[in-house]
Amino acid sequence: QVALVESGGGSVQAGGSLRLSCVASGIALRDNNCVAWFRQALGKEREWVARISTYYGIEWLDESVEGRFTITRDIATNTVSLQMDSLKTADSAIFYCAAKIGASCARYERPEDFPYWGQGTQVAVSS
């Protein structure tokens, strides 16, 4: 059974940093899987932010966060992290970790592409 548990959310001023973590169980990051971060702001649709191929370590980032966010995986702790720097008020949202098993990750950006989800962690950025 796959489970994803996010942590690291909180409140920060614009320009600050946060590091989100997603600890996975039931899925091995040393295998060929895809783990992504999505976010959903109040009243908006869930949108893709970043994803990583857990076997190859290749990452993809939405253009709105390129240069500010970094996604990494730690095979030893089975954790995918999202380092968020230079945060903007527009980044405020609930952030979700999602996983797809046995996928190369190259083309998956829609929420419906990912069958496994965490419970989410709130990020609030104030001006």
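Just so we're clear, the structure is a prediction, and the values are computed from it rather than from any experiment.
- Residues satisfying the salt bridge (Lys or Arg N to Asp or Glu O under 4.0 Å) test with E109, not counting sequence neighbours, are R51.
- Annotation: salt bridge (Lys or Arg N to Asp or Glu O under 4.0 Å) contacts of E47 (sequence neighbours excluded): R39.
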With a 3.5 Å cut-off and sequence neighbours excluded, list the donor-acceptor pairs that the side chains of residues 20-35 form with protein atoms.
from	atom 1	to	atom 2	distance (Å)
N33	OD1	G102	N	2.8
N33	ND2	A28	O	2.8

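- In this view, T72 and R19, T70, S81 satisfy the side-chain contact (heavy atoms from CB on, under 4.5 Å) rule, not counting sequence neighbours.
- Evaluation of the disulfide bond (SG atoms under 2.5 Å apart) test over residues 51-83, restricted to residues two or more places apart or in two chains, returns none.
- Sequence neighbours left out, not one pair with a member in residues 72-90 passes salt bridge (charged side-chain N to carboxylate O under 4.0 Å, His left out).
- When the salt bridge (Lys or Arg N to Asp or Glu O under 4.0 Å) test is applied to E112, the partners found at least two apart in sequence or on another chain are R110.
- A pairwise comparison of heavy atoms in D91 and V125 identifies CB-CG2, 4.4 Å as the closest pair.
- Membership of an apolar cluster is not assigned to V5, as no side-chain contact below 4.5 Å to another ILVMFWY residue is traced.
- For the ring-ring contact (aromatic ring centres under 6.0 Å, His included) condition, no pair includes a residue of residues 49-73, sequence neighbours left out.
- Listed by first and then second residue, the ring-ring contact (aromatic ring centres under 6.0 Å, His included) pairs that reach into residues 70-116 are F38-F114, sequence neighbours excluded.
- In this structure Q122 satisfies the side chain to side chain donor-acceptor pair (under 3.5 Å) test with no other residue, sequence neighbours excluded.
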Donor-acceptor pairs under 3.5 Å, side chain of residues 7-15 to any protein atom, not counting sequence neighbours: which ones?
none

